[in-house]
Amino acid sequence: MQALSKATPGETYTIQWMFGQPEVLDFLHSHSVDEGERIQLIQKMRDCVIIGAKDSRFAMGNEIADRIQV
């Protein structure tokens with residue numbers, strides 16, 4: 001298991017667990033980012049990552065990606 005922020009771009013991962021502020025988790029759940037779901041790490045940048053989950057694509061800061069284990 002590793003933090004999403006440390007994962008390899010271009011790969012698909014299954015989320016093992018995640019934690020954070022309730023508002024952030026609500027946003028992620030509404031975009032199909034939840035435990036057991038598969039997501040693709042599209043790109044890593046200096047301070048954020050871009051992920052794809054089902055039909056959604058969005059960027060999240062490394063401070064959030066650090067709290068998602070894949």
Side-chain angles (χ1 to χ4, degrees):
M1 231 177 355
Q2 64 183 335
L4 181 60
S5 62
K6 306 294 186 221
T8 305
E11 298 292 324
T12 302
Y13 297 95
T14 301
I15 297 174
Q16 301 300 317
W17 58 264
M18 51 195 269
F19 66 96
Q21 302 222 344
E23 300 83 18
V24 173
L25 292 176
D26 288 343
F27 173 83
L28 294 174
H29 294 306
S30 71
H31 288 87
S32 300
V33 179
D34 202 357
E35 288 89 355
E37 294 288 336
R38 297 199 42 90
I39 60 170
Q40 181 182 17
L41 180 58
I42 297 171
Q43 186 175 1
K44 283 175 43 173
M45 291 178 260
R46 184 171 40 100
D47 58 352
C48 67
V49 297
I50 299 174
I51 66 166
K54 296 199 178 177
D55 294 330
S56 298
R57 307 283 183 268
F58 55 90
M60 69 173 71
N62 285 337
E63 66 277 358
I64 296 171
D66 287 340
R67 296 173 184 221
I68 299 174
Q69 294 289 311
V70 294

Under 3.5 Å, sequence neighbours excluded: what are the donor-acceptor pairs made by side chains of residues 17-26?
none

Quick check: closest heavy atoms across Pro9 and Gln43, and the distance to 0.1 Å? CB-CA, 4.4 Å
Drop me the distance from Glu37's CD to Glu35's CD, to the nearest 0.5 angstrom. 9.5 Å
With heavy-atom distances below 4.5 Å as the criterion, would you say the side chains of Leu41 and Glu11 are in contact? no
Separation between CD1 (Ile51) and OG1 (Thr12), nearest 0.5 Å, reads 11.5 Å
Which pairs of donor and acceptor atoms, one on a side chain in residues 57-70, lie under 3.5 Å apart (sequence neighbours left out)?
| unit_1 | atom_1 | unit_2 | atom_2 | d |
| --- | --- | --- | --- | --- |
| Arg57 | NH1 | Lys54 | O | 3.1 |
| Asn62 | ND2 | Arg46 | O | 3.2 |
| Asp66 | OD1 | Ser5 | OG | 2.3 |

If you take all heavy atoms of Ser32 and Ala53, which pair is closest and at what distance? O-CB, 4.0 Å
To the nearest 0.5 Å, what is the distance between CD1 (Ile39) and CG (Leu28)? 9.0 Å
Kindly give the heavy-atom pair with the smallest separation between Gln2 and Lys6, and that separation in Å. OE1-O, 3.5 Å
